[in-house]
Amino acid sequence: MSTHAVPFEKYHGTGNDFLVVDAAAEAVGDRAAFARAHCDRDTGVDGADFLDDAERAGGTGRRGADGVLFLSIEDRFDPTRVVMTLVQPDGSTATMCGNGARVVARWAHDRTGDREFMIDTQAGTRRASVNADATAATIEMGEPTFDPARVPLARDEPLIDESVAGLTVTAVNTGVPHAVAFVEGGRDDPAGIDSVDLDAVAPPVRNADVFPHGANVNLASVVDDGRGDGPAVIDQRTFERGVEGETRSCGTGAVAVVAVARRLGLIAGESAVSRPPGGDLEITVPDRGHATLTGAVAREYEGTLPVDPR
């Protein structure tokens, strides 16, 4: 193992947790190896090494992370621009991550004091902002697409409410490809969404031939269709490609769930609250234009980690 250590910080957005490295200041030669080692949920970074008991109570309380964000600030732009690269626990690079981008906004705010940013991702440049006390962040998510060439799918027709490897799913791209399956019963129903063995049912869909680049797999259940006084409410669980397991929250997945719910006519209006296990996310998916994602963000701790963990 290398004796050279790199400073990092840990943040989370509704439980979707990330290690953050200032790429402009610190060089990590093998980013994939760094992410595989330090994001591992059994052997990766441990907050107990950096926090006392009281401080640990404010974090996610989990070892490892859902990815490493390598970030660099370019403050010559107005608003300030941040270049974002997300390396996932399997060493792959994700083109977009909604909660990750929200963490980027909070991290950049902590450094600059600004509240509005442009974030350069591999899926395009996205506008982001933090609220007055920086406890929540909003990210512009682009326009969800069901176009089979852009999801992408290994076919020429959209995949809408069809059976794939045992689940009835709809395919949509919200920066990365997603398969969304709606099930009966929300989180309060003992036979509902939480009763499904997601680690069993998701991998066959995630690796199905119809998804040449793989897909994130979401289960969703409409709790309130939004035809009353408030916005629609949807419970959500997501098995993430690259993490290869369920995460506490997935921002692109939340947008995918709402986009599909609108496409299938399951909810009214363009706004909804998605409820992954890590906390509520506010989503807008207009008929035209960019979707948005809003939710809580928090800084957990900082420290140093070996650059070469081998």
Side-chain angles (χ1 to χ4, degrees), residues 32 67 83-88 90-101 118-128 139-182 198 201-220 234 236-244 247 250-267 270 272 274 281 283-293:
V83 179
M84 163 184 162
T85 301
L86 171 61
V87 182
Q88 297 180 285
D90 68 351
S92 64
T93 300
T95 56
M96 178 57 182
C97 175
N99 286 330
M118 297 299 289
I119 300 176
D120 288 344
T121 77
Q122 293 182 25
T125 300
R126 303 286 185 254
R127 186 176 294 274
I139 181 73
E140 177 185 87
M141 292 291 291
E143 189 169 352
T145 179
F146 299 87
D147 183 341
R150 295 174 61 193
V151 171
L153 300 174
R155 59 189 246 180
D156 296 329
E157 304 82 26
L159 196 164
I160 308 295
D161 208 28
E162 295 183 31
S163 180
V164 175
L167 283 181
T168 300
V169 303
T170 297
V172 62
N173 188 301
T174 55
V176 290
H178 281 271
V180 179
F182 278 88
L198 187 59
V201 302
V205 179
R206 179 257 186 268
N207 295 299
D209 291 342
V210 72
F211 297 110
H213 298 163
N216 302 278
V217 181
N218 305 269
L219 297 182
I234 305 174
Q236 170 198 347
R237 295 175 62 193
T238 302
F239 182 101
E240 287 201 47
R241 180 188 66 167
V243 177
E244 304 309 328
T247 54
C250 177
T252 56
V255 175
V257 162
V258 175
V260 171
R262 292 206 67 200
R263 175 71 180 250
L264 299 180
L266 300 178
I267 61 173
E270 63 182 32
S274 186
L281 293 166
I283 316 296
T284 59
V285 179
D287 291 333
R288 293 183 179 180
H290 294 286
T292 63
L293 169 71

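Note that CG of Asn218 is 11.0 Å distant from CD1 of Ile234, once rounded to the nearest 0.5 Å. Rounding to the nearest 0.5 angstrom, the gap separating the OG1 atom in Thr121 from the CG atom in Leu86 is 10.5 Å. Separating the CE atom in Met141 from the CE atom in Met96 is a distance of 4.5 Å, to the nearest 0.5 Å. The distance from atom OG1 of Thr174 to atom CD of Glu143, rounded to the nearest 0.5 Å, is 12.5 Å.
Here salt bridge (charged side-chain N to carboxylate O under 4.0 Å, His left out) pairs that include residues 202-217, with residues two or more places apart or in two chains, are Arg206-Glu244. Applying the salt bridge (charged side-chain N to carboxylate O under 4.0 Å, His left out) test to pairs two or more places apart or on separate chains, none has a residue in residues 91-101.
Counting all heavy atoms, side chain and backbone alike, Ala179 lies closest to Val205 at CB-CG1, 3.9 Å. Minimum heavy-atom separation, Pro212 to Ala154: CD-N, 3.7 Å. Summarising the geometry of Pro152 relative to His213, their closest heavy-atom pair is CG-ND1, 3.5 Å, with the distance given to 0.1 Å. Here the shortest heavy-atom pairing between Ser92 and Gly242 reads OG-CA, 4.0 Å. Here the closest heavy-atom approach between residue Ile139 and residue Gly98 is recorded as CG2-O, 3.8 Å. Annotation for Pro144 and Val172: closest pair CB-CG2, 4.0 Å, computed over non-hydrogen atoms.
With a 4.5 Å cut-off on side-chain heavy atoms, Pro148 and Asp156 do not count as touching. Side-chain contact between Val169 and Val217 is absent, with no heavy-atom pair separated by less than 4.5 Å. By the 4.5 Å heavy-atom criterion applied to side chains, Met84 and Cys97 are counted as neighbours. Counting only heavy atoms from C-beta outward, the side chains of Phe146 and Thr170 approach each other to under 4.5 Å.
Not one N or O on the side chain of Asn216 forms a donor-acceptor pair closer than 3.5 Å with the backbone of Glu240. With hydrogens and angles disregarded, no donor-acceptor distance shorter than 3.5 Å links the side chain of Asp147 to the backbone of Pro158.
In this view, His290 and Glu140 satisfy the side chain to side chain contact (heavy atoms under 4.5 Å, CB included) rule, not counting sequence neighbours. By the side chain to side chain contact (heavy atoms under 4.5 Å, CB included) test, Val210 pairs with Leu153, Arg155, Leu159, Val164, Ala208, sequence neighbours left out. Taking the side chain to side chain contact (heavy atoms under 4.5 Å, CB included) definition, one finds that Ala32 meets it with Asp30, Arg36, sequence neighbours left out. Applying the side-chain hydrogen bond (donor to acceptor under 3.5 Å, both in side chains) rule to Arg237 yields the partners Glu246; only residues at least two apart in sequence or on another chain are considered. Residues forming a side-chain hydrogen bond (donor to acceptor under 3.5 Å, both in side chains) with Thr292 (at least two apart in sequence, or on another chain): Thr284. Partners of Thr93 under the side-chain hydrogen bond (donor to acceptor under 3.5 Å, both in side chains) rule, at least two apart in sequence or in another chain, do not exist in this structure. In this view, Thr168 and Asp161 satisfy the side chain to side chain contact (heavy atoms under 4.5 Å, CB included) rule, not counting sequence neighbours. For Asp90, the salt bridge (Lys or Arg N to Asp or Glu O under 4.0 Å) test picks out no residue, with sequence neighbours left out. With sequence neighbours excluded, the residues that form a side-chain hydrogen bond (donor to acceptor under 3.5 Å, both in side chains) with Ser274 are Gln236.
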For residues 250-265, dump all side-chain donor-acceptor pairs below 3.5 Å to protein atoms at least two apart in sequence or in another chain.
from, atom 1, to, atom 2, distance (Å)
Thr252, OG1, His178, NE2, 2.8
Arg262, NE, Gly269, O, 3.1
Arg262, NH1, Val285, O, 2.5
Arg262, NH1, Asp287, OD1, 3.2
Arg262, NH2, Asp287, OD1, 3.0

